[in-house]
Amino acid sequence: MKDERKPVASYSSFILHPSSFLVMSVRVRFAPSPTGYLHIGAARTALFNWLYARKVGGTFLLRIEDTDLQRSTDESTRSIFEGLAWLGLDYDEEVVFQSANADKHRAAAARLVEEGKAYRDFTPKAERADANVKQEIAERARHAASEGVDHRANPFRDLPLEESNRRAASGEPFAVRLKVGREGRSRFEDAVYGEQLRDYSEIEDLVLVRSDGHPLYNLSVVCDDIEMGITDVVRGQDHLTNTHKQILIYEALGAAVPRFAHLPLILAPNKAKLSKRKHGEVVSLTTYRDRGFIPAAFRNFLALLGWSPEGEEKEIMSLAELTRKFSLEGIHRSPAVFNFSDADPRRWTDDKALWMNAEYIRTLPLEELLPMVRAELGSAGLWRAEYAGDGRDWFAKTVDLIRQRFFTLKDFSGQGRAYFADDFEFDDAAVAKNLKKEPRLKELLPALGERVQRIENFNAATAEETLRAFADESGVKAGLLINASRTALTGQSVGPSMFEVFEVIGESRSASRLRDAARLV
RNA sequence: GGCGCUAUGGUGUAGUUGGUUAACACGCCGCCCUCUCAAGGCGGAGACCGCGGGUUCGAGCCCCGCUAGCGCUACCA
């Protein structure tokens with residue numbers, strides 16, 4: 001995966017604040033682990049980090065936490081890059097791959113051992129069944145509770161350094177654990193959740209480096225965040241409790257502790273954690289791109305999940321507006337439910353997201369929408385070069401006409417197929433309702449087709465004139481012919497004002513479709 | 001088991017230093033518009049603000065307790 005961003009200065013950049021105080025500029029990062037596709041919750045974390053950075057004139061960095069070699073995949077890394085690009089979230093400086101820093105992490109741990117802030121634990125590694133870790137943890141805790149816990153009882157905690165060094169040198173395997181104080185408590189002020197306290201007695205001497213030499217998550221994030229000069233850590237609430245452990249590591253390393261802001265989780269309709277495994281593709285960001293969402297719309301929707309602008313009722317906001325309005329204070333504490341139904345295809349994702357996408361489709365400046373429709377038609381094999389040449393005006397006009405009732409970009413090639421191709425499908429219900437209910441249409445439709453074919457100066461107005469006149473002569477209501485025409489020309493029972501449709505489809509195609517539809521009556 | 005976080009209509013949210021008929025958006029229902037469906041306009045149903053106690057003349061907003069959901073708790077990230 002090549003990174004195209006140009007490297008920027010150094011991360012210890014300072015800016016001169018208007019108040020003339022020297023203020024360290026904000027540096028935030030989005031640090032996803034490349035396992036599975038980019039989760040919408042992660043995408044939202046990226047968005048908030050980006051908004052915050054851009055709001056305060058800070059720096060937004062990207063770090064791929066690929067330390068879990070087993071689960072990390074290139075494909076997943078790619079989906080992260082694609083997802084960010086799709087959302088329009090550009091990052092500054094070069095991407096950091098955490099796995100490349102493993103030696104530094106180990107070195108940091110070694111240093112802590114030397115300084116007596118961490119120790120080697122020679123206890124043989126306990127095998128753990130990954131499947132029921134949670135259960136094991138609970139059981140172990142229950143056990144410990146009944147016998148009284150002392151997290152500092154590890155026999156190797158106070159092993160003299162010389163002996164520790166000797167055993168290590170002899171090749172005996174060991175894990176490195178942080179020495180957590182016997183007394184005291186950890187404290188920090190979360191920008192979202194407020195003051196957080198945790199007694200040291202509740203924190204065990206956490207493992208920094210596994211006995212196979214693999215640095216663990218808590219150590220890696222802290223080391224990398226220090227090295228990248230991160231000033232504000234904005235991430236999911238699932239990291240809230242562990243923050244205390246990380247602060248302990250910052251302190252042991254003698255580094256400044258950043259500010260923290262934890263984001264409320266995004267839950268599934270049943271209030272369970274939204275997970276790729278249980279909920280499938282709805283949680284994957286790329287799904288939205290693939291199913292015809294407009295980036296700006298989904299981004300807008302995501303921004304409103306767990307955050308709301310102060311004193312603002314308008315919900316449709318551009319990236320610039322979001323950036324202007326964004327503040328950590330506006331982030332909520334309660335989790336947000338992402339609403340969707342796997343039973344109803346029309347509600348495959350959140351109602352509001354769908355509505356917002358439709359809103360964008362119908363209100364976006366046409367010039368911005370056109371390229372997206374072009375891409376969609378292209379992938380559906382419906383794009384024609386002439387739409388960018390002589391047919392440009394026709395194309396723009398047609399898109400503008402049909403976009404009014406579409407929900408996703410997919411609709412342009414789906415429901416909208418008849419406008420761009422002759423091989424479209426007829427909706428059974430539409431045929432039954434508009435064609436089959438009146439036998440006379442078998443003669444009327446071809447006859448109307450003849451009239452239409454002969455119209456001079458063909459357009460919506462003349463098509464209407466012709467159709468209404470023909471309806472009068474034939475003694476039928478205009479509505480009958482109008483609705484029948486809609487199905488004849490588009491295969492559907494719903495759509496734009498019919499005479500506009502005539503104009504856009506053109507006289508010859510309209511005429512032949514009217515004639516052909518007779519066989520469906 | 002322990003610790004932590006959260007709790008306003010189905011969903012997303014607003015609710016200023018406690019005093020409102022509890023607001024907005026999505027969704028739902030109806031009417032108008034109309035060649036259909038949307039959009040738009042108008043109107044409606046839907047919340048005793050998780051439950052129980054307080055404090056107060058008055059509590060969604062303050063205090064206590066409870067419950068539920070979720071998170072963390074690992075030589076996972």
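Throughout, protein chains are lettered first and strands after them, A, B, ... in sequence-line order, and every chain is numbered starting at 1.
Each of A:I249, A:V113, A:L216 was checked for a side chain to side chain contact (heavy atoms under 4.5 Å, CB included) with A:L208, and the lone residue meeting it is A:I249.
RNA chain B is contacted by both A:H239 and A:G479; A:G479 maps to the nucleotide lying nearer its 5′ end (nearest heavy atom per residue). Checking A:R71 against A:V192, the closest nucleotide of RNA chain B that is more toward the 5' end is the one next to A:V192.
Pairing for B:G10 goes to B:C26, judged as Watson-Crick or G-U wobble with the two contacts each under 3.5 Å. The nucleotide B:U36 finds no pairing partner, because no Watson-Crick or G-U wobble arrangement with both distances shorter than 3.5 Å includes it. When both distances must be under 3.5 Å, the Watson-Crick or G-U wobble mate of B:G69 is B:C5. Base pairing annotation: B:U17 forms no Watson-Crick or G-U wobble pair, as no partner gives both donor-acceptor distances under 3.5 Å.
Atom pair A:I266:CD1 and B:U6:P shows a separation of 18 Å (rounding to whole Å applied). A straight line from OH of A:Y217 to P of B:A77 spans 9 Å, rounded to a whole angstrom.
Salt bridge annotation for A:E473-A:R451: present, with a cationic side-chain nitrogen under 4.0 angstrom from a carboxylate oxygen.
Here B:G10 is the nucleotide among B:U6, B:G10, B:A25 with the atom lying nearest to any side-chain atom of A:N339.
In this structure, A:P496 reaches the bases: a heavy-atom distance under 4.0 Å links it to at least one base atom across the strands shown. Nucleic acid contact class of A:I137 (heavy atoms, under 4.0 Å, all strands): base. At the heavy-atom level, A:S33 lies under 4.0 Å from the strands shown only through sugar-phosphate atoms. Note on A:S334: only backbone sugar-phosphate atoms sit closer than 4.0 angstrom, heavy atoms only; bases stay farther off.
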